[in-house]
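Whatever order the structure lists ligands and atoms in, that order sets their numbers, starting from 1.
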Amino acid sequence: MDINEMQSLLQTKLKPQRYAHCIGVMETAIELAKRFNVDEEKAAIAGLLHDCAREFETSHLIEESEKRHLFITDIDRQLPILMHAPLGTAIAKEEYGINDTAILKAIASHTVGGAYMSDLDKIIYLADMIEPHRKYDGVEKLRQLAATTDLDTVMISAFDQSITFIMRKGHTIHPYTVAARNEILLTKEL
Ligand SMILES: [Fe+2]
Ligand SMILES: [Fe+2]
């Protein structure tokens, strides 16, 4: 299946607004891939398909994930919507024929991040947060950083933004997000 066919199939699965978001993530991921020397085709496919499991009913997400023996944490059980990312890897494989592990890993980590994120993982996480349809306080600052500074600096800001948002909502902070942020801070030259 080529990327045009993937787009056509995805369009039949997602609500128009969600599909527009996925196209936005794909286009932003391509721009970021150019800027940070990442494979553009992989970035395009991962960006396009990152939310391919996002329209599953929340009540079915855990069930579908269990069916496929995906690892489910307590936090995922409390906030099942988080499982659309790991479940997305299974759907990308089953319905879109994706077998590239780098693409699948980027889809899996797009919502909460994780330790040992590759540059492709980081670009998809970021593209999801800054694609043109996104509107929240702080998005402009992130867009500007993504266009001007190094990838890890933008990622720290992206994690800060996301952790602050989740704390304000009173939700649990996913340990993968904390691990991802700590890992960058521990390896980065400050
Ligand atoms: Fe998502
Ligand atoms: Fe998304």
Side-chain angles (χ1 to χ4, degrees), residues 3 6-7 9-33 38 42-62 64-65 68 70-73 75-96 98 102-114 117-118 120-140 142-143 146 154-155 157-159 161-166 169 171-177 180-181:
I3 192 156
M6 289 177 204
Q7 286 188 31
L9 178 58
L10 187 70
Q11 196 166 16
T12 67
K13 306 271 181 186
L14 301 181
K15 292 181 186 130
Q17 222 180 336
R18 179 94 52 209
Y19 179 70
H21 161 69
C22 290
I23 296 294
V25 174
M26 176 182 80
E27 286 168 354
T28 305
I30 294 170
E31 273 172 44
L32 293 173
V38 171
K42 289 184 194 214
I45 295 172
L48 178 71
L49 297 180
H50 79 288
D51 270 345
C52 68
R54 186 65 178 74
E55 308 276 9
F56 273 86
E57 290 290 330
T58 311
S59 53
H60 291 159
L61 276 167
I62 296 293
E64 292 293 328
S65 299
R68 293 171 175 85
L70 299 174
F71 182 67
I72 307 171
T73 68
I75 294 178
D76 300 320
R77 287 192 190 276
Q78 196 180 51
L79 278 178
I81 198 64
L82 296 177
M83 285 311 291
H84 81 274
L87 185 60
T89 63
I91 302 298
K93 242 191 246 179
E94 292 164 23
E95 294 183 12
Y96 298 83
I98 306 296
I103 295 175
L104 295 173
K105 183 167 169 274
I107 294 174
S109 62
H110 86 263
T111 306
V112 295
M117 286 173 90
S118 66
L120 178 63
D121 299 344
K122 292 174 184 174
I123 277 175
I124 299 304
Y125 183 92
L126 213 53
D128 189 31
M129 282 187 81
I130 65 170
E131 64 91 11
H133 300 88
R134 290 288 199 201
K135 286 184 187 68
Y136 52 83
D137 284 344
V139 70
E140 276 310 326
L142 268 188
R143 285 186 184 126
V154 201
M155 286 306 288
S157 273
F159 288 135
Q161 167 80 40
S162 152
I163 290 171
T164 309
F165 175 76
I166 295 163
K169 283 177 87 170
H171 286 158
T172 40
I173 309 292
H174 204 291
Y176 293 179
T177 312
R181 183 175 178 279

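With respect to Lys15 and Glu55, a salt bridge is recorded, a charged nitrogen being found less than 4.0 Å from a carboxylate O.
The backbone N or O of Leu61 lies less than 3.5 Å from a partner atom in the side chain of Ser65, making a donor-acceptor pair.
Two residues are said to be in side-chain contact when any heavy atoms from C-beta on lie closer than 4.5 Å; Met155 and Asp121 fail this criterion. When side chains are defined from C-beta on, Tyr96 counts as touching Leu10, because their heavy atoms get closer than 4.5 Å.
Closest approach of Leu104 and Thr89 over heavy atoms only: O-CG2, 2.9 Å.
Within the model, atoms NE2 of His21 and NE2 of His50 stand 3.0 Å from one another, a figure rounded to the nearest 0.5 Å.
Take a cut-off of 2.8 Å around the Fe ion (ligand 2): the protein N, O or S atoms inside it are His21 NE2, His50 NE2, Asp51 OD2, Asp128 OD1.
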